[in-house]
Amino acid sequence: MVFMSIAQVMNDDMIGEEVELRGWVYRHRVIGGKVFVVLRDSTGIIQCVIDSSKVSPQVYDTAVNLGIESSIAVKGIVRKEPRAPGGYELHVKDLRVYGISRDFPIKGGEGIEYLLDNRHLWIRSRKLTNVMKIKHTVLKAGREWLLENGWWEVTPPILTASACEGGATLFEVKYFDKKAYLSQSAQLYLEVLIYSLEKVWSLTPSFRAEQSRTRRHLAEYWHLELEAAWYNMYDIMNVAEELTAYIIKRVLEENERELKLLNRDTSILEKSTKTPYPRITYDEAIDRLKKKGLAISWGEDLGADEERVLTQDFETPFFITHFPKEIKSFYMKTDPKRPEVVLGFDLLAPEGYGEIIGGSEREDNYDKLYQRILDEGYDPSDYKWYLDLRKYGSVPHSGFGLGIERLVMWIAGLDHIRDAIPFPRYRGRIYP
Ligand code: 4AD
Ligand code: MG
């Protein structure tokens with residue numbers, strides 16, 4: 001007999017059919033001569049009933065003694081049962097154990113540090129499974145959009161020789177007899193590639209040695225980055241919002257079940273499938289914050305708290321543009337009309353989540369870029385190759401980076417970014 005998935009048997013057409021399922025014991029109870037096993041596979045859960053009067057004594061005995069997370073195969077008849085989770089159950093005729101499980105370490109009610117120490121087992125939880133399915137759609141949808149819109153996928157390096165996003169968060173590695181760094185962003189390499197391919201993107205891990213532990217910072221995260229020749233800041237902002245809106249639309253289409261199981265209120269997500277998203281300048285953001293009574297002045301960076309307050313005014317993602325140049329990266333082009341600000345932007349997710357995308361138009365003038373590199377305290381000889389791009393056929397260009405876990409965290413409504421990645425890394429944790 002061919003094994004079926006739980007999702008395949010959970011429908012009226014299957015009532016009365018004999019099927020065989022494989023999976024893991026999710027819940028287990030023995031009540032008056034019957035064993036109720038909730039079986040879990042990658043597609044869902046189903047209640048299986050092993051009745052002592054209908055199976056052999058050996059099968060019943062095996063069923064009684066099943067531990068949580070044992071892997072088993074069951075054969076039986078599908079029945080409709082409104083009281084069972086999902087509305088169907090399996091009346092078991094035969095049962096076989098693949099791998100026993102005794103005293104599974106997670107019983108419910110454990111604290112977060114304990115669950116993180118047992119991440120390799122906790123990962124089987126329904127919550128994390130639902131989040132991983134949503135993340136799968138996010139990655140798939142991003143790729144779909146990029147393929148449909150003429151962007152080339154490229155493969156930048158992870159071992160790098162120079163900083164992109166500032167020395168403070170660089171991870172240093174021993175590179176033979178030299179020093180190298182784990183990439184913070186593929187951007188500088190993507191910029192190299194636009195001179196032949198024009199519109200490029202990559203999906204890579206990015207590394208940030210973030211000193212403080214927050215709800216939204218990882219030391220290793222997945223970074224979707226785009227870079228395009230001839231695009232100004234507004235052109236690339238249009239791309240950022242179209243891409244984001246498309247990803248949300250696809251998740252709503254494909255993960256209705258997962259969102260429901262996570263108790264996600266999807267009304268804001270529905271609104272976020274429509275573009276354009278609102279746009280405010282940094283100056284307006286500061287004004288709004290001051291009006292709300294926050295002690296902040298022009299020139300200061302917006303932290304998580306300020307972002308959270310700003311998100312109260314919006315029901316979709318929204319952009320903040322034209323930040324003071326001192327708080328943004330050296331490669332951002334300054335506004336020709338206002339040299340104290342850059343043509344840079346962040347896209348913030350609503351509902352308190354904050355920044356999910358950071359991007360800008362890039363400085364394409366050799367002398368200005370050289371000066372910015374000096375001002376930053378970097379050695380221009382480390383950036384010779386990057387400066388060369390402004391010497392040989394420089395073009396206006398722009399790009400951005402989207403933090404995949406930041407986006408998943410918001411879409412899934414998580415309260416911590418660690419649940420948006422199977423094996424979270426941050427200061428103090430690199431296990432398993
Ligand atoms: O704003 P960031 O630092 O921008 C860059 O790295 C640019 N070089 C990207 C580019 O233009 N190609 O990072 C981009 C995004 C942020 O908006 C955020 O979503 C995510 O990366 N991010 C993090 N996600 C998780 N943990 C961290 N420590 C993150 N740091 C940034
Ligand atoms: Mg940023």
Side-chain angles (χ1 to χ4, degrees), residues 135 138 142 151 154 156 158 160 162-171 181-194 199-228 231 233 236-237 239-240 243-244 247 282 301-304 306-307 317-321 323-324 327-333 342-349 353-363 376 386 397-411 414 416-421 424-427 429:
K135 189 174 195 177
V138 166
W151 295 74
V154 296
I158 299 298
T160 66
S162 38
C164 178
E165 294 300 327
T169 61
L170 269 183
F171 272 114
Y181 309 96
L182 296 179
S183 172
Q184 297 169 306
S185 162
Q187 180 194 324
L188 307 189
Y189 298 96
L190 297 187
E191 286 187 58
V192 173
L193 297 169
I194 60 158
K199 284 162 63 179
V200 299
W201 68 281
S202 62
L203 175 65
T204 61
S206 275
F207 300 87
R208 306 278 171 110
E210 305 281 355
Q211 296 305 311
S212 54
R213 286 167 62 156
T214 79
R215 295 189 316 123
R216 59 179 199 165
H217 286 94
L218 291 165
E220 177 184 55
Y221 70 96
W222 286 85
H223 205 172
L224 179 66
E225 292 178 274
L226 280 69
E227 195 71 30
Y231 278 45
M233 177 176 77
I236 203 74
M237 285 167 67
V239 170
L243 174 65
T244 305
I247 291 173
Y282 170 87
D301 205 357
L302 307 177
E306 290 77 24
E307 289 190 1
F318 62 99
F319 289 101
I320 304 179
T321 64
F323 291 88
I327 59 171
K328 287 291 182 189
S329 302
F330 73 97
Y331 52 73
M332 292 194 184
K333 188 181 173 80
V342 286
L343 298 174
F345 64 91
D346 282 353
L347 182 69
L348 277 66
Y353 283 92
E355 181 183 346
I356 53 174
I357 286 181
S360 76
E361 190 161 335
R362 317 307 190 186
E363 184 53 72
E376 204 73 19
Y386 188 62
H397 64 288
S398 300
F400 66 82
L402 181 162
I404 294 290
E405 289 76 17
R406 291 271 182 98
L407 180 59
V408 169
M409 182 186 174
W410 168 51
I411 292 179
L414 305 176
H416 201 294
I417 197 167
R418 65 179 161 234
D419 288 339
I421 192 161
R425 273 86 178 88
Y426 48 82
R427 196 185 171 129
R429 179 162 297 275

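Side chains are part of it too, since the values below use all heavy atoms of this structure and drop only hydrogens, waters and symmetry mates. In listed order, ligands and their atoms are each counted from 1. Count residues from 1 along the sequence.
- In this structure, the protein non-hydrogen atom closest to atom 16 (C) of ligand 1 is E355 OE2, 3.2 Å.
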*Between T160 and Y189, is a side chain to side chain contact (heavy atoms under 4.5 Å, CB included) present by the stated rule, with each step listed?*
CA-CA 10 Å; T160 66; Y189 298 96; 3.6 Å; yes
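- In terms of polar-atom proximity, H217 is not counted as a contact of ligand 1, lacking any N or O under 3.5 Å from an N or O of the ligand.
- Residue I320 holds its CD1 atom at 9.0 Å from CD of E355, rounded to the nearest 0.5 Å.
- Residue E210 approaches ligand 1 through these ligand atoms, each under 4.0 Å from one of its heavy atoms: 28 (N).
- By the 30° and 60° cut-offs, the orientation of the rings of F323 relative to Y282 is tilted.
- Contacts with ligand 1 closer than 4.0 Å are made by no heavy atom of F207, backbone or side chain.
- Ring geometry, F319 versus F345: the interplanar angle exceeds 60°, so the pair is classed perpendicular (tilted spans 30 to 60°).
- Residue G403 places at least one N or O, backbone or side chain, under 3.5 Å from an N or O of ligand 1.
- Under a 4.0 Å criterion applied to the non-hydrogen atoms of R216, ligand 1 contributes the atoms 25 (C), 26 (N).
- Taking only nitrogen or oxygen atoms, main chain and side chain alike, I417 does not reach within less than 3.5 Å of ligand 1.
- Annotation: protein N, O or S atoms under 2.8 Å of the Mg ion (ligand 2) (waters excluded) comprise E355 OE2.
- For atom 15 (C) of ligand 1, the nearest protein heavy atom (residue, atom name, distance) is G401 O, 3.6 Å.
- Minimum heavy-atom separation, E165 to S185: CG-CB, 4.4 Å.
- Given atom 5 (C) of ligand 1, the protein heavy atom at minimum distance is E165 OE2, 3.2 Å.
- The nearest protein atom to atom 26 (N) of ligand 1, hydrogens excluded, is given as L218 N, 2.9 Å; this is a heavy-atom distance.
- Residues Y231 and S398 come closest through the heavy atom pair O-OG, 2.7 Å.
- Nearest protein neighbour of atom 14 (C) of ligand 1, counting heavy atoms only, is H223 NE2, 3.4 Å.
- Distance CD/E225 to CG/L190: 6.0 Å, rounded to 0.5 Å.
- When all heavy atoms of A228 and W151 are compared, the closest pair comes out as CB-CH2, 3.7 Å.
- Under a 4.0 Å criterion applied to the non-hydrogen atoms of I357, ligand 1 contributes the atoms 17 (O).
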_I'd like to know whether S360 forms a side chain to side chain contact (heavy atoms under 4.5 Å, CB included) with R362, so could you lay out the CA-CA distance, the side-chain angles of the two residues, the decisive distance to 0.1 Å, and finally the verdict._
CA-CA 6 Å; S360 76; R362 317 307 190 186; 2.8 Å; yes
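- Closest non-hydrogen pair, L218 versus R418, comes out as CD2-CA, 4.5 Å.
- Below 4.0 Å from some heavy atom of I356 lie the following atoms of ligand 1, by number and element: 17 (O), 19 (O).
- No side-chain donor from either of R406 and Y221 sits under 3.5 Å from a side-chain acceptor of the other.
- Using a distance-only test at 3.5 Å, with no hydrogens or angles considered, no donor-acceptor pair links the side chain of Q187 to the main chain of G399.
- Residue, atom and distance of the protein heavy atom nearest to atom 11 (O) of ligand 1 are R362 NH2, 2.9 Å.
- In this structure, atom 6 (O) of ligand 1 lies nearest to the protein heavy atom R208 NH2, 2.8 Å.
- Closest approach of P156 and T204 over heavy atoms only: CG-CG2, 3.9 Å.
- The protein heavy-atom contact nearest to atom 12 (N) of ligand 1 is E225 OE2, 2.8 Å.
- Relative to atom 21 (O) of ligand 1, the option among Y353, F345, Y221 with the closest non-hydrogen atom is Y221.
- Minimum heavy-atom separation, H223 to S206: ND1-OG, 2.8 Å.
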